[in-house]
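Keep in mind the model is a prediction, meaning the values are calculated, not measured. Throughout, protein chains are lettered first and strands after them, A, B, ... in sequence-line order, and every chain is numbered starting at 1.
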Protein chains: 4
Amino acid sequence: MSLAPKRANNRNDALLDAAADLFATKGFRETTMRDIAKAVGMLPGSIYYHHGSKDDLLLAVYESGVERFLREFSEAQQQETSPLERLKRVMAMHVAAITRDDAYVRVLNRVVPDQVPKHTGSLIALREQYEQCFCELVDNLPLAPWVDRTLLRLMILGAANHAQFWFNPNGRQSAEDVGQNFARFLLESVTQAPPPTSRVIASHKRHGK
Amino acid sequence: MSLAPKRANNRNDALLDAAADLFATKGFRETTMRDIAKAVGMLPGSIYYHHGSKDDLLLAVYESGVERFLREFSEAQQQETSPLERLKRVMAMHVAAITRDDAYVRVLNRVVPDQVPKHTGSLIALREQYEQCFCELVDNLPLAPWVDRTLLRLMILGAANHAQFWFNPNGRQSAEDVGQNFARFLLESVTQAPPPTSRVIASHKRHGK
Amino acid sequence: MSLAPKRANNRNDALLDAAADLFATKGFRETTMRDIAKAVGMLPGSIYYHHGSKDDLLLAVYESGVERFLREFSEAQQQETSPLERLKRVMAMHVAAITRDDAYVRVLNRVVPDQVPKHTGSLIALREQYEQCFCELVDNLPLAPWVDRTLLRLMILGAANHAQFWFNPNGRQSAEDVGQNFARFLLESVTQAPPPTSRVIASHKRHGK
Amino acid sequence: MSLAPKRANNRNDALLDAAADLFATKGFRETTMRDIAKAVGMLPGSIYYHHGSKDDLLLAVYESGVERFLREFSEAQQQETSPLERLKRVMAMHVAAITRDDAYVRVLNRVVPDQVPKHTGSLIALREQYEQCFCELVDNLPLAPWVDRTLLRLMILGAANHAQFWFNPNGRQSAEDVGQNFARFLLESVTQAPPPTSRVIASHKRHGK
DNA sequence: AATGAATGAGATTTCATTCAT
DNA sequence: TATGAATGAAATCTCATTCAT
């Protein structure tokens, strides 16, 4: 029931895949309709049968990207019950998603909404949907009272998104490792074991693992 | 008598300022030579008296941006002697630099080297110079043995750079506050006051403030 | 039924014709893409659908020119069996080709390879193909032993090519006449049918030297 | 009396030299005012103190080129009294002049008058002056009655001018040799000892050798 | 669904030339 | 005499888009 109709237009899927890949890798302005057409084996004019404009094409990719991210996000979240563990899991997923060869999510962080005049508003709204996930996540964290939760959320996002610029899939750490470490840096403090007892949480942590 | 004659070419300075501003705000590809020319009150062709190409112009801005950043960085670093305090100070400076209306530094994080084919190599080298600063800084930090310093450095960079996308200079916190907080999140752990004594560092901290 | 569909792209032929004509008549640098576009009733940008750059366009014209010349050359050569007669026929053809309103061959002598940086090498190679024809032709000539065949070949080429600058199709002699005469000048000697003893001078010369 | 005033403006001489060299070597349209200025160590604007425009500059070079050629031509001519020897001498001089590193004469054959709209007429007139020399020369030649003197003149010019494209100063023959040979090809006939009677001239030839 | 051929607006760049100093 | 700075017109080229087929 759900498969047949969707698979009718699998040229369109290939088109979106190619566009996502190029937008994520080279950038929006740097990718031409010709590039996309060539990647999928069509002529530039043919793209317009599927999508009204380059901006529309990006919007479609963006929507798909957010949708995928949201799905992964909620999956990740459901795997853990402790808020702290949830953060780790989500950050691991986030870095993984952003550095994966699946390009849809990468586009979200590579293409800035105001590069796409026709849809700036929609794109911002989509991004917000995407960032919104983290609000809840951070709000449920048992944090010290001095912590500004908004700022923490932004720090988490920034750290994870930045991975797109340096992460090497063949490096010594997996994307999951990176995400987990980022979470630990925040939750356990990176400074050298100060007064002994203070490490309780951290040691807990490690046992859990 | 010795300064004035040299400043016959302060149109070039204005040119660089305008270019930096537009590149940082709209992006490299999104900014046309016409835009820059109009902003500085020249004709597009006139720009080429000063810079051989759009790519060259960007390179000049980038170089200037790195130079400025390096200068501010070393100033910030010299203000503190404790490595921990240094980190705070530097992060505060970093967020401030990136969100300031001085556009040169912002360009460093807005324009990706491979958007500028002619100078990709040089730009990457410049970025490395810029990122290198943080190596030393992080290396001198007294960290728990489990901490991967490279990862920490990348997290710091990502968090600070990301501020360019959301920081509001009229918001309730200054850029300095943001930077300081980011540093604290890492150094003190954000989790809820666990075993009481562990907060020693933090209270120390607050006194310092 | 089988020809028509193929000739959907005869705009490209028209394009090449117009380019050849303008390049041959005005010169390469003196001809703008606008000129060509106007001559063929397109917009300048449209040319780029068919040819990637002005240099590419010239290369296409050049290739076609050499091809045409080679075809005519071999036809001319096959019409005669005596090497001497062959030279006459070929020179007649050569002058005719160069002064004809078919511009492709004219381009070969009007556009100097290093005016076209992108294809200098290819153009030189093409010219060589064109000049090579004459090697064989001259090599098969029964010449006096003192004659430097390379020099003779270059003289023939120079004489014929130069016709492009002065030949008037409405003048009293046809291009064929001109070519035939050029050949006779070389083969029969232009000096007055002279009293045998007249050759004294020549031998003098050689003594003098 | 004639030197001092002339040497006042030797910057101008350098300017003309540089322009002649570049025009002859790269071509008129291919040479920019910047190129010329750089070659002579001025800024582009400074050229306009000496010459009103690029076209004017070319005209000056052209005039100088014709003047030089005429001078050499008449010197060459005066060295011989026999018309036939004169032709040899002049052709030797011609090839030498055209392939020499003194660029003024080369410009005459590299730059086509209608590349210089402002002075097309003057340039044609100058060229005619230059070509006129050869009229007289050829008219005084004792030629067989079947020979079209105009055509012969044009052949001579074409052959000599073409040398600019292939002559190699380090090759096995000097420019003088080349010119002499060209003249001999015409005056002595290049064919091998042909059929007895009609070839009287030619057979003589071979005796001479 | 797709293509081939073009369009048209606008981008970067080039370059002869000008002009106050 | 010469220069530094700019101009302005025009050149080449790019690219999203259109449209008849």
Side-chain angles (χ1 to χ4, degrees), chain A residues 8-12 15 28-37 40-57 118, chain B residues 5-6 8-12 15 29-37 40-57 118, chain C residues 5 8-12 15 29-37 40-57 118, chain D residues 8-9 11-12 15 28-37 40-57 118:
Chain A
N9 59 347
N10 59 358
R11 290 314 300 286
N12 186 30
L15 195 52
F28 180 66
R29 296 294 289 255
E30 289 76 13
T31 299
T32 69
M33 292 302 259
R34 239 179 197 64
D35 292 337
I36 299 169
V40 75
M42 306 176 160
L43 292 187
S46 309
I47 299 179
Y48 290 82
Y49 178 80
H50 302 276
H51 297 272
S53 72
K54 193 187 180 190
D55 287 15
D56 289 357
L57 187 50
K118 190 173 163 192
Chain B
K6 183 136 205 177
N9 67 341
N10 55 5
R11 298 297 305 280
N12 187 30
L15 189 54
R29 297 293 288 255
E30 290 76 12
T31 300
T32 71
M33 292 304 257
R34 241 188 265 294
D35 291 338
I36 299 170
V40 75
M42 302 178 162
L43 293 185
S46 306
I47 299 178
Y48 291 81
Y49 175 76
H50 302 278
H51 300 273
S53 70
K54 193 185 178 190
D55 287 15
D56 288 357
L57 183 52
K118 189 174 165 192
Chain C
N9 67 340
N10 56 3
R11 299 297 305 278
N12 187 29
L15 188 55
R29 296 293 287 253
E30 289 77 14
T31 299
T32 70
M33 292 304 257
R34 240 190 266 293
D35 292 338
I36 299 169
V40 76
M42 299 177 164
L43 294 186
S46 307
I47 300 178
Y48 291 83
Y49 176 75
H50 301 278
H51 299 274
S53 71
K54 193 185 178 189
D55 287 15
D56 287 356
L57 184 52
K118 190 174 164 192
Chain D
N9 58 346
R11 287 317 297 285
N12 187 30
L15 196 51
F28 180 67
R29 296 294 290 254
E30 289 77 11
T31 299
T32 69
M33 293 300 259
R34 239 178 196 65
D35 292 337
I36 300 170
V40 75
M42 304 177 161
L43 292 187
S46 309
I47 299 178
Y48 291 81
Y49 178 81
H50 302 278
H51 298 273
S53 71
K54 192 186 180 190
D55 288 14
D56 289 356
L57 187 51
K118 191 173 162 193

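- Here the C1' atom of nucleotide F:dA5 and the NE2 atom of B:H50 are 6 Å apart, to the nearest Å.
- Residues D:H51 and D:L15 form a side-chain contact, since some pair of their non-hydrogen atoms from C-beta on lies under 4.5 Å apart.
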Contact string for nucleotides 13-21 of chain E, one letter per nucleotide 5' to 3', B = base within protein heavy-atom range under 4.0 Å, S = sugar-phosphate only, - = neither, reads BBSSBB---

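- Note: CG (C:L57) to P (F:dC13) measures 10 Å, nearest angstrom.
- Side-chain contact between A:M33 and A:Y48 is present, with heavy atoms from C-beta onward closer than 4.5 Å.
- With rounding to whole Å, C:M42 atom CE is found 8 Å from E:dA5 atom C1'.
- For the pair B:Y49 and F:dA5, the criterion of a side-chain N or O lying under 4.0 Å from OP1 or OP2 is met.
- Here, F:dT21 and E:dA1 have their C1' atoms 13 Å apart, quoted to the whole Å.
- One atom, CG of C:L43, and another, P of E:dG10, lie 14 Å apart when rounded to the nearest Å.
- Atoms CZ (B:R11) and P (F:dT3) sit 22 Å apart, rounded to a whole Å.
- A distance of 6.5 Å separates CZ in D:R11 from NE2 in D:H50, rounded to the nearest 0.5 Å.
- Base-pairing analysis of DNA chain F finds the following stems of at least three consecutive Watson-Crick or G-U pairs, with both pairing distances under 3.5 Å: E:2-21 with F:2-21.
- Remark: A:D56 pairs with A:S53, A:K118, A:H119 by the side chain to side chain contact (heavy atoms under 4.5 Å, CB included) rule, at least two apart or across chains.
- With a 4.5 Å cut-off on side-chain heavy atoms, D:T32 and D:K54 do not count as touching.
- As rounded to whole Å, 15 Å separates atom C1' of F:dA16 from atom NE2 of A:H51.
- Using a 4.5 Å heavy-atom threshold, the side chains of D:V40 and D:I47 count as separate.
- Atoms CD1 (C:I47) and P (E:dA6) sit 11 Å apart, rounded to a whole Å.
- What separates CG of C:L15 from P of E:dA6 is a distance of 9 Å, to the nearest Å.
- Every residue meeting the side chain to side chain contact (heavy atoms under 4.5 Å, CB included) condition with C:S46, not counting sequence neighbours, appears here in chain and number order: C:M42, C:L43.
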